[in-house]
Chemist: 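First, the structure itself, so that you have it in front of you.
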Number of protein chains: 2
Amino acid sequence: MLKYEKVANQIELFIKENDLNQGDKLPILDDLTEEFKVSKSTIIKALDILEIKGLIYQVRGSGIFVRKSHRSGYINLSGGDGFRKDLEGFELDSKVISLEQMVPPKKVALGLKLEDNEEVYYLKRLRIIEGAPLCLEESYFSKKLVIYLNNEIVQGSVFDYLRDDLKIEFGFTDIYLRIVDLSKKEAELMGLKEGDAALLSESIYHLHNGEPFNYSILKYHKDQAQFFVPTSRY
Amino acid sequence: MLKYEKVANQIELFIKENDLNQGDKLPILDDLTEEFKVSKSTIIKALDILEIKGLIYQVRGSGIFVRKSHRSGYINLSGGDGFRKDLEGFELDSKVISLEQMVPPKKVALGLKLEDNEEVYYLKRLRIIEGAPLCLEESYFSKKLVIYLNNEIVQGSVFDYLRDDLKIEFGFTDIYLRIVDLSKKEAELMGLKEGDAALLSESIYHLHNGEPFNYSILKYHKDQAQFFVPTSRY
DNA sequence: CAGTGGTCTAGACCACTAT
DNA sequence: TAGTGGTCTAGACCACTGG
């Protein structure tokens, strides 16, 4: 692990453990460099990361302060790798509806930059939070990059499997949001009525080298769709 | 303007002007340092900013590549200061419904960290895109920080006024999204039916020094609510 | 193993805040 | 005007990619 990552993690931990609140002041730069025995630039890099993550803000001439605004139960869209981390403390569950290999719809093939007739794993699940339907998930995995998937794996966190077992290194993700109407079938799965609104999230996940490996279409239950996006200068 | 900002802007311009596409390679670091006559660290800082903005991705040992994925007409939530920039090329308009001074609801007073009975400017507008209702806006401005507002100003871009005339320096913003039902009155303004779904966006805008100055509640027309969130490692 | 991006440092100097 | 964060540099060294 890199020095600035280590420092960022420790400062994050420090904020959590001391239960610091909005506006609380962190130690000054010079003290932090001494504390962590690294150069000023390294501390600044660590702080920049925490600023991007929405945890702190820095005021020139004044100090470094805790931001911490996140409402509980909201999914942080800037997080990158799914919503497990944001919904910690909530009981999450999955009901697998189907897992198959297929040639995907054109839109997906395009998004994943597939050759003609190249196959994907197509996974359909109902995600459940505290016993209630959270969202309907349709996920397409490029078989070229996600070489193996089975029913057992898909019962748990697919992203954990990709990272820990397939050693896939995540890069960036594009997320598109809009409102759609549910079909009769979808509504039934979610315990809603045909034509009820849902929040649609379309995401394309890329490896660190820019190759797209997953196209996900999530339809969130209108009562459960709660998102958070922190922004900073930059 | 800072060196790294200038460099970032110029590289962004270079991508646009040469109409570079996803995966196109930018010049290597050494060439960029030479081109811009700045140190390697400064180039890297500029590139990091472009990466956060979702415009490029960097692959160690390989190169710097263009990301460019944005669908047109989608509002970039990570942008920070409203949606004018994302909706460039679209005809935007506002219909002011009311502008008054008042003591705001508790939730707003709390979000803006106001004293008891401290007043705000309360602005209600219908935002229009290409002649169709985009969203219903309710915006509360802390009078302590936004010292003056009138009907003329509020006809155009309030944020431009705050930045250019009041010299307000924006810092960070928290955005919360969820789905709500429209009241009869709201639905009428949007050309929809009572109970129709809308995408609710609640945002608290802060100055660079952490003081909250604006609480905005936007209800987007379900057919116009299109959002984009780019994420990167970090 | 050459090419390319990334980390980390020490230190000079700058810019803003608070008093 | 002292305290504190930010910019920028030159350079040593490291880590990954791809032929």
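Naming convention: chains lettered A, B, ... in sequence-line order (proteins, then strands); numbering from 1 in each chain.
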Chemist: Nearest whole angstrom, please: distance from the C1' of D:dT7 to the NZ of B:Lys6.
Modeler: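 Rounded to the whole Å, the gap is 13 Å.
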
Chemist: Output a table of nitrogen or oxygen pairs between the protein and nucleotides 10-13 of chain C separated by less than 3.5 Å.
Modeler:
{"unit_1": "C:dA10", "atom_1": "N6", "unit_2": "A:Ser41", "atom_2": "OG", "d": "3.4"}

Chemist: I want to check one thing: is the phosphate of C:dC8, taken as OP1 and OP2, less than 4.0 Å away from some side-chain N or O of A:Lys45?
Modeler: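 For C:dC8, neither OP1 nor OP2 has a side-chain N or O of A:Lys45 closer than 4.0 Å.
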
Chemist: Going by ring pair (Phe, Tyr, Trp, His ring centres under 6.0 Å), name the residues that satisfy it together with B:Tyr57, two or more places apart in sequence or in a different chain.
Modeler: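 So B:Tyr57 forms a ring pair (Phe, Tyr, Trp, His ring centres under 6.0 Å) with A:Phe172, B:Phe65.
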
Chemist: Using the six-membered ring of A:Phe227, assess whether NZ or CZ of B:Arg178 lies under 6.0 Å from its centre and within 45 degrees of the ring axis.
Modeler: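 Pair B:Arg178/A:Phe227 does not count as cation-pi.
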
Chemist: To the nearest Å, how far apart are A:Ile64 CD1 and D:dT4 C1'?
Modeler: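 Rounding to the nearest Å, CD1 of A:Ile64 and C1' of D:dT4 are 9 Å apart.
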
Chemist: Show the nearest heavy-atom pair for residues A:Ala8 and A:Ala46, with the distance to one decimal.
Modeler: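 Taking every non-hydrogen atom into account, N-CB, 3.8 Å.
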
Chemist: Output the rounded distance in Å from CG (B:Asp48) to P (C:dC8).
Modeler: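 Value for this atom pair: 13 Å.
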
Chemist: Of all residues at least two apart in sequence or in a different chain, which pass the side-chain hydrogen bond (donor to acceptor under 3.5 Å, both in side chains) check with A:Ser94?
Modeler: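 A:Ser94 satisfies side-chain hydrogen bond (donor to acceptor under 3.5 Å, both in side chains) with A:Arg127 once adjacent residues are dropped.
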
Chemist: Please test B:Leu177 against B:Leu199 for side chain to side chain contact (heavy atoms under 4.5 Å, CB included), starting from the C-alpha separation and ending with a verdict.
Modeler: CA-CA 7 Å; B:Leu177 300 173; B:Leu199 204 152; 3.7 Å; yes

Chemist: Is there a side-chain contact between B:Tyr4 and the phosphate of D:dC8, meaning an N or O under 4.0 Å from OP1 or OP2?
Modeler: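 No, no such contact exists.
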
Chemist: Starting at the 5' end of DNA chain D and moving along, which residue's nearest nucleotide shows up first, A:Gln58 or B:Lys37?
Modeler: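 By nearest-heavy-atom nucleotide position, the 5'-most residue is A:Gln58.
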
Chemist: Under the ring pair (Phe, Tyr, Trp, His ring centres under 6.0 Å) test, which residues partner B:Phe213, sequence neighbours left out?
Modeler: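 For B:Phe213 the ring pair (Phe, Tyr, Trp, His ring centres under 6.0 Å) partners, ignoring immediate neighbours, are B:Phe170.
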
Chemist: So how far off straight is the helix from C:dC1-D:dG18 to C:dA18-D:dT1, going by the axes through five pairs at either end, to 10°?
Modeler: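 End-to-end axis angle: 30°.
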
Chemist: Rounded to the nearest angstrom, tell me the gap between atom CG in B:Leu32 and atom P in C:dG3.
Modeler: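 Atom CG in B:Leu32 sits about 18 Å away from atom P in C:dG3.
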
Chemist: Kindly state each residue pair satisfying salt bridge (charged side-chain N to carboxylate O under 4.0 Å, His left out) with at least one member in residues 39-57 of chain B, sequence neighbours excluded.
Modeler: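 Passing the test, one end in residues 39-57 of chain B: A:Lys45-B:Asp48, A:Asp48-B:Lys45, B:Glu12-B:Lys53, B:Glu51-B:Arg233.
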
Chemist: A:Ile44 CD1 to D:dC8 P: how many Å, rounded?
Modeler: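 For the pair A:Ile44 CD1 and D:dC8 P, the rounded distance is 12 Å.
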
Chemist: Distance check needed: D:dT7 C1' versus A:Ile43 CD1, whole Å only.
Modeler: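 To the nearest whole Å, that distance equals 17 Å.
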
Chemist: Below 3.5 Å, can you tabulate the donor-acceptor pairs from side chains in residues 99-119 of chain A to any protein atom, sequence neighbours excluded?
Modeler:
{"unit_1": "A:Gln101", "atom_1": "OE1", "unit_2": "A:Lys143", "atom_2": "NZ", "d": "2.5"}
{"unit_1": "A:Lys107", "atom_1": "NZ", "unit_2": "A:Glu202", "atom_2": "OE2", "d": "3.1"}
{"unit_1": "A:Glu118", "atom_1": "OE1", "unit_2": "A:Glu115", "atom_2": "N", "d": "2.7"}

Chemist: Roughly how many Å is it from CE in B:Met1 to C1' in C:dA15, rounded to a whole number?
Modeler: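 About 17 Å, once rounded to whole Å.
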
Chemist: For A:Tyr4, check ring pair (Phe, Tyr, Trp, His ring centres under 6.0 Å) against everything at least two apart and list the hits.
Modeler: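 Per chain and number, A:Tyr4 pairs via ring pair (Phe, Tyr, Trp, His ring centres under 6.0 Å) with no residue.
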
Chemist: Please enumerate all residues that pass side chain to side chain contact (heavy atoms under 4.5 Å, CB included) together with A:Ile52, with sequence neighbours excluded.
Modeler: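 Partners of A:Ile52 under the side chain to side chain contact (heavy atoms under 4.5 Å, CB included) test: A:Tyr234, B:Ile52.
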
Chemist: Residues two or more places apart in sequence or in another chain: which of them pass side-chain hydrogen bond (donor to acceptor under 3.5 Å, both in side chains) with A:Asp165?
Modeler: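 Counting only residues at least two positions away or on another chain, A:Asp165 forms no side-chain hydrogen bond (donor to acceptor under 3.5 Å, both in side chains).
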
Chemist: Starting the side chain at C-beta, find the nucleotide from C:dG5, C:dT7, C:dT9 nearest to B:Leu29.
Modeler: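 In terms of side-chain proximity for B:Leu29, the closest of C:dG5, C:dT7, C:dT9 is C:dG5.
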
Chemist: Could you tabulate the donor-acceptor pairs under 3.5 Å formed by side-chain atoms of residues 14-32 of chain A, not counting sequence neighbours?
Modeler:
{"unit_1": "A:Asp19", "atom_1": "OD1", "unit_2": "A:Lys68", "atom_2": "NZ", "d": "3.2"}
{"unit_1": "A:Asp24", "atom_1": "OD2", "unit_2": "A:Asn21", "atom_2": "N", "d": "2.7"}

Chemist: What is the distance from CZ of B:Phe36 to C1' of D:dT7, rounded to the nearest Å?
Modeler: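 After rounding, the gap between these two atoms is 18 Å.
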
Chemist: Nucleotides 15-19 of chain D: which of its N/O atoms have a protein N/O under 3.5 Å away?
Modeler:
{"unit_1": "D:dA15", "atom_1": "O4'", "unit_2": "B:Arg60", "atom_2": "NH1", "d": "3.1"}
{"unit_1": "D:dT17", "atom_1": "OP1", "unit_2": "A:His208", "atom_2": "NE2", "d": "3.2"}
{"unit_1": "D:dT17", "atom_1": "O4'", "unit_2": "B:Gly61", "atom_2": "O", "d": "3.3"}

